[in-house]
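Input: a single structure, listed below in structure tokens.
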2 protein chains.
Amino acid sequence: MHTENKDEMRDRIIEAALKRFTHFSASKTTMNEIAEDLHCSKASLYYYFPDKNAVHIAVLAKIGESYLQTLEKEANNSEVSAGESLMNTIKIRNNFMTRFCRLEIFKLMRQASFEAMNNEVKAAKKREWDLMTRIIERGIESGEFVAVADPQELAGILFHALMGMRLAFMDHPQQFTEELSDAQLADLEMKQELLLSIFVKGLKKN
Amino acid sequence: MHTENKDEMRDRIIEAALKRFTHFSASKTTMNEIAEDLHCSKASLYYYFPDKNAVHIAVLAKIGESYLQTLEKEANNSEVSAGESLMNTIKIRNNFMTRFCRLEIFKLMRQASFEAMNNEVKAAKKREWDLMTRIIERGIESGEFVAVADPQELAGILFHALMGMRLAFMDHPQQFTEELSDAQLADLEMKQELLLSIFVKGLKKN
DNA sequence: CTTTTGACTTTGTAACTAAAAAAGTCAGGA
DNA sequence: TCCTGACTTTTTTAGTTACAAAGTCAAAAG
């Protein structure tokens, strides 16, 4: 298997693993299967990654990064109002969630060494939170929203409330597949949008 | 074991089971232990309840009822403002949750026959939702809040957002013990109160 | 010197099993 | 009507094995 450099092969492995993980799940995917997909030996995988968890984490890091970049684009898009941007984050988030709900994030978090994982997850949450803050601040700067004492805090409430609503909608919290039916998802989005509209209305000058 | 009537003995059983269930948990409590606590035979328990699940459900029904009655009192208490009443529901709910988090509600919901259980849970949720609606309506009647198009819908958003926030705060959703540390609980309540204050501010005339 | 591999060892998991514990039953007694 | 001891049935648990998957390494290939 010839590749330009080490990083490219790492990417190819992550890509193959991502395909298997999202189709089936991480625990139902073997290192052998990933190797077969790449027409290489299993031992090669271990040349690029210390263990399977490392692959799993790399996969999550990759899709997490693309998610955050999508959000970032939305946060900085001054073409639309801040209120609309906030609305759009709901769709982006839910779309991402349904696409990657089979990635067993929670499972990994429990078994992967806490230091390595938990910090990254926290960092990602922080980044997402900061992006919400940024959108709110953009709204204040443009005069769309009234100046508020603590945009950071406000974004935190909004973030937790929207995230929480999703959890409140899956009635079997200890189930492994964190999937939502289409009907549930529609209901959830409706409620999230309503919640957000109340927030935004409170932020608008009147 | 002599008792006045059938209902009293049922109550005594429920009381004993409640003690064990909250101390340890439902699955770690045997029918024998409950019988021993009551100085009666296990067979007696089966005279009053068809099976263990029925005891578990009765326990949940009892504490659920007392919880809903506490909320009801708060909803009808016109001594305090509607805004304050809503604030108080947060404390009532969280207090109740921490007291009875070892009751394995979710576990029961999965195994107990759906018809019997799920309907009751749904009914309880509906009642709680209605109480929130009632408080909001009280606020409108008293002139504290502006008239809003759909108080029922608004209460639903608030209810789901507050409930969801709690879920968002327990980082191990598939853990069986749904306990929150003191620090987490304090943070949660702070955020819930802030969320509510935003809601209430939006409802106030200005 | 970097990358790859087949053959290897170790570790984890699914499928049985037997023993124990708990659930649940019932004929008969107060 | 209420209660119980002695009983049967069902569920958990702890051990076991057998297989699959994880992970290692010396040596080959480029």
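Reminder, nothing fancy here: chain letters follow the sequence lines and each chain counts from 1. Atom set for the values below is all heavy atoms of this structure, side chains included, hydrogens, waters and symmetry mates excluded.
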Flag yes if more than 12 heavy atoms outside B:Arg99 fall under 6.0 Å of its CZ atom; otherwise flag no. no
What nucleic acid atoms does B:Ser41 come within less than 4.0 Å of, heavy atoms only: base, sugar-phosphate, or nothing? base
Separation of C:dT3 atom C1' from A:Leu38 atom CG, nearest Å, is 15 Å
Counting the atoms with a prime plus P, OP1 and OP2 as sugar-phosphate, which does A:Thr29 contact under 4.0 Å by heavy atoms, base, sugar-phosphate, or nothing? sugar-phosphate
Would B:Asp37 and B:Arg20 count as a salt bridge (charged side-chain N to carboxylate O under 4.0 Å, His left out) here? Give the steps. CA-CA 9 Å; B:Asp37 290 351; B:Arg20 286 260 173 199; 2.8 Å; yes
If I take atom CD1 in residue B:Ile13 and atom C1' in nucleotide D:dC2, what distance separates them, rounded to the nearest angstrom? 12 Å
Mind checking the CD1-CD1 spacing from A:Ile157 to B:Ile198? Nearest 0.5 Å is all I need. 6.0 Å
Tell me: CG of B:Asp7 to C1' of D:dT1, nearest whole Å? 14 Å
Rounded off to whole Å, could you give me the NE2-to-C1' distance for the A:His39 and C:dT3 pair? 18 Å
What orientation do A:Phe159 and A:Trp129 show, parallel under 30°, tilted 30 to 60°, or perpendicular over 60°? parallel
Nearest-Å distance for atom pair CG/P, residues B:Asn32 and D:dG5: 11 Å
Set out, in order, the CA-CA distance, both residues' side-chain angles and the distance that settles side chain to side chain contact (heavy atoms under 4.5 Å, CB included) for A:Thr70 and A:Tyr67, then state yes or no. CA-CA 5 Å; A:Thr70 310; A:Tyr67 166 62; 5.5 Å; no
Looking at A:Asp182, I'd like to know if its CG atom is crowded, meaning that more than 12 non-hydrogen atoms belonging to other residues, nucleotides or ligands lie closer than 6.0 Å. no
Residue pair A:Ser85 / A:Arg138, side-chain donor-acceptor N/O under 3.5 Å: yes
When the nearest nucleotide of DNA chain C is assigned to A:Leu45 and to A:Lys28 on a heavy-atom basis, which residue is associated with the more 5' position? A:Leu45
Given atom CZ of B:Arg10 and atom P of D:dC2, what is their separation to the nearest angstrom? 12 Å
Taking the axis from the first five pairs and the axis from the last five, what angle separates them in the helix from C:dC1-D:dG30 to C:dA30-D:dT1, rounded to 10 degrees? 40°
Just compare D:dC2, C:dT4, D:dA21 and give me whichever is closest to any side-chain atom of B:Tyr48. D:dC2
A:Arg93 atom CZ: more than 12 heavy-atom contacts under 6.0 Å: yes
Pick base, sugar-phosphate or nothing for A:Ser44, based on heavy-atom distances below 4.0 Å to the nucleic acid. base
If a protein heavy atom is under 4.0 Å from the base, mark B; if only from the sugar-phosphate, S; if neither, -; do that for nucleotides 23-30 of chain D going 5' to 3'. BBB-----
Contact between B:Glu74 and B:Val80 at the side-chain level, heavy atoms closer than 4.5 Å - yes or no? yes
State whether A:Tyr47 places a side-chain N or O below 4.0 Å from either non-bridging phosphate oxygen (OP1 or OP2) of C:dT4. no
